[in-house]
Amino acid sequence: MSRVQLALNVPNLEEAISFYSTLFQTEPAKVRPGYANFAIANPPLKLVLMESDAAPGSINHLGIEVESTDLVGQATTMLSAAGLVTEIEESTTCCYAVQDKVWVGGPDATRWEVYTVLADASDAAAPQDGCCVPETVGISVGRTLEQSAPCC
């Protein structure tokens, strides 16, 4: 099952967990310092909360969680064939998970990832300063592609 991922910057993780637990009537699947994620069945959504000084409720990044590395590869092929600049990360450890992923920049500079989770990771894999903070790395169909620090 594929599902959309929405990663939000939140100023207070505990308050955000309480609100989203009520809204989606489910508890987080994972809570770590400065980080939580929900695996919501209905509607199918991976909601990621990242405690941050960024604008409250602003989008950190968006994604599509898929079931396998093969599906990440298919997305990479499709995006590259469309002329989009992609960045591939294999077995990257970030945000408490080991993942294979491909990043692409949308027309509004929003960062999108297509990813699969390979394994859970320890607390030692906590987000670091700059995790998922964009930096310019190239041009995507005439637009600047911003790259997040490897993570999420």
Side-chain angles (χ1 to χ4, degrees), residues 1-73 75-76 79 84-106 108-138 140 144-152:
M1 171 190 84
S2 296
R3 60 183 163 196
V4 171
Q5 174 191 285
L6 171 62
L8 296 177
N9 296 312
V10 298
N12 184 304
L13 186 63
E14 289 181 25
E15 287 178 6
I17 289 171
S18 177
F19 173 79
Y20 289 107
S21 293
T22 299
L23 180 65
F24 291 108
Q25 300 178 15
T26 190
E27 295 299 313
K30 186 183 293 188
V31 178
R32 302 290 190 272
Y35 174 89
N37 77 44
F38 292 78
I40 301 163
N42 189 17
L45 174 67
K46 179 72 158 269
L47 177 64
V48 177
L49 306 175
M50 303 179 87
E51 199 163 42
S52 170
D53 292 333
S58 63
I59 293 174
N60 184 287
H61 67 281
L62 299 168
I64 301 168
E65 182 179 22
V66 296
E67 296 173 330
S68 70
T69 296
D70 287 342
L71 292 173
V72 173
T76 303
L79 295 166
L84 299 175
V85 175
T86 58
E87 180 181 343
I88 299 165
E89 293 180 355
E90 296 175 334
S91 297
T92 189
T93 301
C94 178
C95 298
Y96 309 101
V98 179
Q99 305 169 0
D100 283 346
K101 63 178 78 183
V102 60
W103 288 97
V104 67
D108 57 0
T110 299
R111 296 280 296 152
W112 278 87
E113 65 176 328
V114 177
Y115 72 99
T116 191
V117 174
L118 304 173
D120 194 35
S122 70
D123 289 349
Q128 301 171 353
D129 289 340
C131 182
C132 292
V133 175
E135 61 184 59
T136 302
V137 295
S140 172
T144 301
L145 174 64
E146 294 185 340
Q147 172 189 333
S148 298
C151 82
C152 305

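The residues of the chain are indexed from 1 along the displayed sequence.
Across all their heavy atoms, Thr86 and Leu79 have their closest contact at CG2-CB, 3.8 Å. Between Arg111 and Gly105, the shortest heavy-atom distance links the atoms NH1-N, 4.3 Å. Annotation for Ile88 and Glu90: closest pair CG2-CG, 3.9 Å, computed over non-hydrogen atoms.
Here the CH2-NZ distance, from Trp112 to Lys101, works out to 14.0 Å after rounding to the nearest 0.5 Å. We find the CG-CD1 distance between Asn37 and Ile17 to be 10.0 Å, quoted to the nearest 0.5 Å. Rounded to the nearest 0.5 Å, atoms CG (Leu6) and CZ (Phe38) are 12.0 Å apart. In this structure, CG in Leu118 is found 10.0 Å from OG in Ser68, a value given to the nearest 0.5 Å.
Side-chain contact between Thr116 and Leu71 is absent, with no heavy atoms from C-beta onward closer than 4.5 Å. Side-chain contact between Glu113 and Gln99 is present, with at least one heavy-atom pair separated by less than 4.5 Å. Within the 4.5 Å cutoff, the side chain of Leu62 has no heavy atoms near those of the Val4 side chain. In this structure, Tyr35 and Pro28 have side chains that are not in contact, with every pair of non-hydrogen atoms separated by 4.5 Å or more.
Applying the side-chain hydrogen bond (donor to acceptor under 3.5 Å, both in side chains) criterion to Asp120, with sequence neighbours excluded, gives Lys30. Residues passing the side-chain hydrogen bond (donor to acceptor under 3.5 Å, both in side chains) test with Thr110, sequence neighbours excluded: Asp108. Partners of Thr69 according to the side-chain hydrogen bond (donor to acceptor under 3.5 Å, both in side chains) rule, which considers only residues two or more places apart in sequence or in another chain, are Asp100. Every residue two or more places apart in sequence or in another chain that forms a side chain to side chain contact (heavy atoms under 4.5 Å, CB included) with Phe24 is listed here: Tyr20, Thr26, Ile40, Pro43, Leu45, Leu47.
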Sequence neighbours left out, cut at 3.5 Å: what donor-acceptor pairs do the side chains of residues 7-14 make with other protein atoms?
{"from": "Asn9", "atom 1": "OD1", "to": "Asn60", "atom 2": "ND2", "distance (Å)": "2.9"}
{"from": "Asn9", "atom 1": "ND2", "to": "Ser58", "atom 2": "OG", "distance (Å)": "3.0"}
{"from": "Asn12", "atom 1": "OD1", "to": "Glu14", "atom 2": "N", "distance (Å)": "3.1"}
{"from": "Asn12", "atom 1": "OD1", "to": "Glu15", "atom 2": "N", "distance (Å)": "2.9"}

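Residues in residues 46-66 take part in these salt bridge (Lys or Arg N to Asp or Glu O under 4.0 Å) pairs, two or more places apart or across chains: Arg3-Glu65, Lys46-Glu65.
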